[in-house]
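Every heavy atom of this structure was used, including side-chain atoms; hydrogens, water molecules and symmetry mates were not.
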Amino acid sequence: MDAHSDDTEKRIDRFVHNKDETYFDPVLVDPAEELSLHRGLKARQISMITLGGSLGTGLIIGSGTALVRGGPLGLFFGYSFMGMVCYFVMISLGEMGAYLPHKKGFAGYATRYVDPAFGFALGWNYVFKYFIQTTNNVNAAGAVVQYWTLRVPIEVWMVIYIAAIFLINLMGIRVFGEFEFWFCSIKVVSLVGLILMGLIIDLGGNPKHDRIGFRYWNPPYGPLGDYLPQLNNIRLSHFLGFWSTLTTALFSYIGTELIGVTVGEAQNPRKTVPKAIRRMFFRILVFYVGGTFVISLLVPSNSSALFVASKSPAGAAASPFVVAITIAGIRVLNHVINAVVLIFVLSASNSDLYIGSRTLYGLAVERKAPRIFAKVNRYGVPWPSLLLNTLVCFLTFLNATSSSSVAFGWFANLIASFGAITWMCISYTHIAFMGALKAQGIDRNTLPYKAPFQPYASWFALIFTGIVLFFNGFSAFIPFVSSSFITSYIAIPIFLALWVGYKVYHRTTTISASEADLFTGKREIDEEEERFLEREKLKGPRSRLQQIWDAL
């Protein structure tokens with residue numbers, strides 16, 4: 001054992017024996033293995049899920065909304081800027097997750113480093129967010145199929161999708177991990193193909209032999225969108241159009257924090273989590289920024305086929321990529337792309353159900369939710385939590401009384417609000433984590449993963465995400481629309497009520513940096529990881545093919 005490990009052990013012993021029992025809480029230790037989640041996610045699965053897990057309706061469908069409102073330039077800049085904010089949030093979460101990869105999600109970090117009331121509010125905020133997000137993706141999946149036929153009621157497709165994702169999640173983390181590995185592989189390969197195809201079409205490789213170039217960046221299509229023209233102020237309309245793309249982009253990036261939930265079921269998390277986080281920058285750059293850039297080249301911002309402009313029941317199926325193929329005059333391929341869009345949405349809803357159930361499980365383990373939700377079956381699946389999250393999916397039947405576009409808009413507003421609060425809480429928790437490390441004499445250079453650009457990155461993400469959240473529903477006032485106002489801002493009073501209510505009822509106090517619990521449960525996780533590495537050694541040397549497979 002090296003000197004650093006000896007020093008850490010001494011700190012743990014000193015912490016356990018000297019700290020008031022208020023801060024050394026056995027609840028912070030992960031449950032016994034037979035009562036807990038199983039660490040069944042392999043390195044390749046973690047990497048691929050992190051790489052493609054959040055690629056879903058926000059990018060593949062919602063980007064059409066951003067293009068109409070912000071124009072091609074607004075779309076590109078909006079997704080690029082929020083991509084930077086997303087990266088700052090993820091590296092912050094990665095540093096905490098690699099140091100202490102417990103099974104309670106990032107709400108558990110808030111409980112340790114900030115305040116139990118803060119962790120309670122963050123955890124339930126995230127549960128509510130995934131109640132809505134899973135429902136939204138099921139809604140979108142049903143509408144995507146309606147691109148092909150309207151004969152089958154959308155409710156039938158919704159029931160089929162809900163049943164499918166429930167069964168995949170019920171079969172355990174190994175089955176879920178394998179399904180998501182292949183789902184995400186298809187998504188990654190398909191999106192790379194769509195980006196390359198888009199560039200080829202733009203440069204003239206289409207049936208019309210028409211070199212599009214930056215045609216749609218010029219008037220009357222762009223470079224900026226004319227949002228809320230009733231203001232009779234073109235500059236203000238351009239600015240508000242760009243600002244609205246930030247909210248849409250935030251909605252698109254929500255879900256990237258999946259890594260903070262999967263660490264609890266990852267094998268060898270101290271190695272796999274830093275590896276996955278380092279790939280985050282390239283994923284944002286290639287898939288989100290590259291994808292939206294290609295869309296801006298291929299689709300005019302005033303196209304009536306885009307999602308927000310379509311009033312047909314199958315409106316949500318009008319992905320910008322499908323619209324681009326149709327405009328280019330390429331036959332049949334639009335059906336192939338729509339099938340790919342369906343895989344995107346189904347994969348996203350599958351991972352959403354997973355995250356929602358694990359977050360509720362983590363709250364139950366910390367005794368911040370009914371204890372029944374902490375139960376797991378023999379496969380390590382928290383089945384009561386999974387069942388509740390599945391039942392909430394039937395809220396998607398609201399789509400039966402509203403058009404796809406209206407339902408999608410309501411859900412997107414709610415998800416963006418809950419997601420923005422989540423990002424702000426993660427950033428603030430990381431600031432508190434860094435303060436605790438400094439106060440307790442732990443060098444960040446000794447951590448398994450040290451996030452770059454700190455503490456400036458966390459502060460920037462916290463402040464700017466707060467600004468986007470505050471102005472999220474500005475369009476609800478022009479003119480005032482009560483439904484849009486409520487869905488844009490209701491997450492804020494819910495979060496504050498949860499935070500203040502728990503704090504008053506349990507009389508919790510904010511945890512000082514010197515008293516933050518950096519050690520409870522760490523030894524158990526270290527020993528679990530050592531046992532895993534020993535088992536891997538007993539398997540003997542890996543073949544070249546196995547090494548390549550594991551590196552995927």
Side-chain angles (χ1 to χ4, degrees), residues 23 25-32 35-38 93 96-97 100-135 169 173 254-255 257-265 351-377 380-393 414-415 418-419 421-426 428-429 432 491 494-508 511 517 520-521 525:
Y23 296 102
D25 190 346
V27 171
L28 297 180
V29 182
D30 286 337
L35 303 174
S36 180
L37 307 177
H38 295 177
L93 180 58
M96 295 186 292
L100 190 70
H102 63 197
K103 300 180 181 181
K104 305 177 188 67
F106 37 76
Y109 300 129
T111 296
R112 285 173 175 266
Y113 311 136
V114 182
D115 182 356
F118 191 70
F120 173 81
L122 171 57
W124 277 105
N125 173 83
Y126 206 55
V127 168
F128 292 150
K129 181 234 170 185
Y130 272 96
F131 280 168
I132 302 300
Q133 183 150 331
T134 311
T135 301
N169 275 268
I173 189 61
I254 292 298
E257 67 281 347
L258 167 66
I259 187 67
V261 180
T262 58
V263 293
E265 295 179 88
S351 61
D352 290 344
L353 190 60
Y354 164 84
I355 299 172
S357 63
R358 267 49 176 190
T359 304
L360 184 55
Y361 164 85
L363 286 170
V365 167
E366 290 191 323
R367 300 173 188 173
K368 294 174 180 175
R371 291 291 292 169
I372 189 174
F373 296 119
K375 289 186 176 182
V376 298
N377 62 18
V381 177
W383 64 269
S385 300
L386 176 62
L387 184 60
L388 178 61
N389 278 266
T390 303
L391 291 175
V392 173
C393 289
L414 285 167
I415 293 166
F418 282 123
I421 292 172
T422 300
W423 281 14
M424 292 171 67
C425 290
I426 291 173
Y428 185 74
T429 301
I494 289 176
F495 177 81
L496 293 176
L498 290 169
W499 188 1
V500 175
Y502 190 94
K503 196 171 186 66
V504 171
Y505 184 81
H506 291 278
R507 298 181 180 179
T508 64
I511 301 170
D517 189 343
T520 300
I525 295 173

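With sequence neighbours left out, the side chain to side chain contact (heavy atoms under 4.5 Å, CB included) criterion links F131 to V127, F128, L388, N389, V392. Under the side-chain hydrogen bond (donor to acceptor under 3.5 Å, both in side chains) criterion, T422 pairs with N125, sequence neighbours left out. Scored by the side-chain hydrogen bond (donor to acceptor under 3.5 Å, both in side chains) test, K129 finds Q133, E257 as partners (sequence neighbours excluded). When the side chain to side chain contact (heavy atoms under 4.5 Å, CB included) test is applied to A364, the partners found at least two apart in sequence or on another chain are A369, F373, A374. Legend: residues meeting side-chain hydrogen bond (donor to acceptor under 3.5 Å, both in side chains) with T390, ordered by chain and number and at least two apart, are absent. By the side chain to side chain contact (heavy atoms under 4.5 Å, CB included) test, A121 is found to be paired with F495, L498, W499, residues two or more places apart in sequence or in another chain being considered.
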Stepwise side chain to side chain contact (heavy atoms under 4.5 Å, CB included) check, F118 with T508: CA-CA 10 Å; F118 191 70; T508 64; over 6 Å; no
V376/Y361 under side chain to side chain contact (heavy atoms under 4.5 Å, CB included): CA gap, chis, key distance, verdict: CA-CA 9 Å; V376 298; Y361 164 85; 3.8 Å; yes
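Of all the heavy atoms in T359 and G123, the pair that sits closest is CG2-O, 3.6 Å. Residues D517 and Y113 share a closest heavy-atom pair of O-CE2, 3.4 Å. Nearest heavy atom pair, residue G119 against residue L363, reads O-CD2, 4.4 Å.
The main-chain N or O of K368 is found under 3.5 Å from a side-chain atom of W124 such that the two form a donor-acceptor pair.
The one candidate from V114, T429, L122, I426 that meets the side-chain contact (heavy atoms from CB on, under 4.5 Å) condition with Y109 is T429.
With a 4.5 Å cut-off on side-chain heavy atoms, R358 and S385 do not count as touching. Side-chain contact between I355 and Y126 is present, with heavy atoms from C-beta onward closer than 4.5 Å.
To the nearest 0.5 Å, atom CD1 of residue I254 and atom CG of residue D352 are 11.0 Å apart. Note that CG of L353 and OG1 of T135 are 9.5 Å apart. Values are rounded to the nearest 0.5 Å.
The local environment of OH in Y502 is crowded, with over 12 non-hydrogen atoms from other residues, nucleotides or ligands closer than 6.0 Å. Around CD1 of I372, the count of heavy atoms belonging to other residues, nucleotides or ligands within 6.0 Å does not exceed 12.
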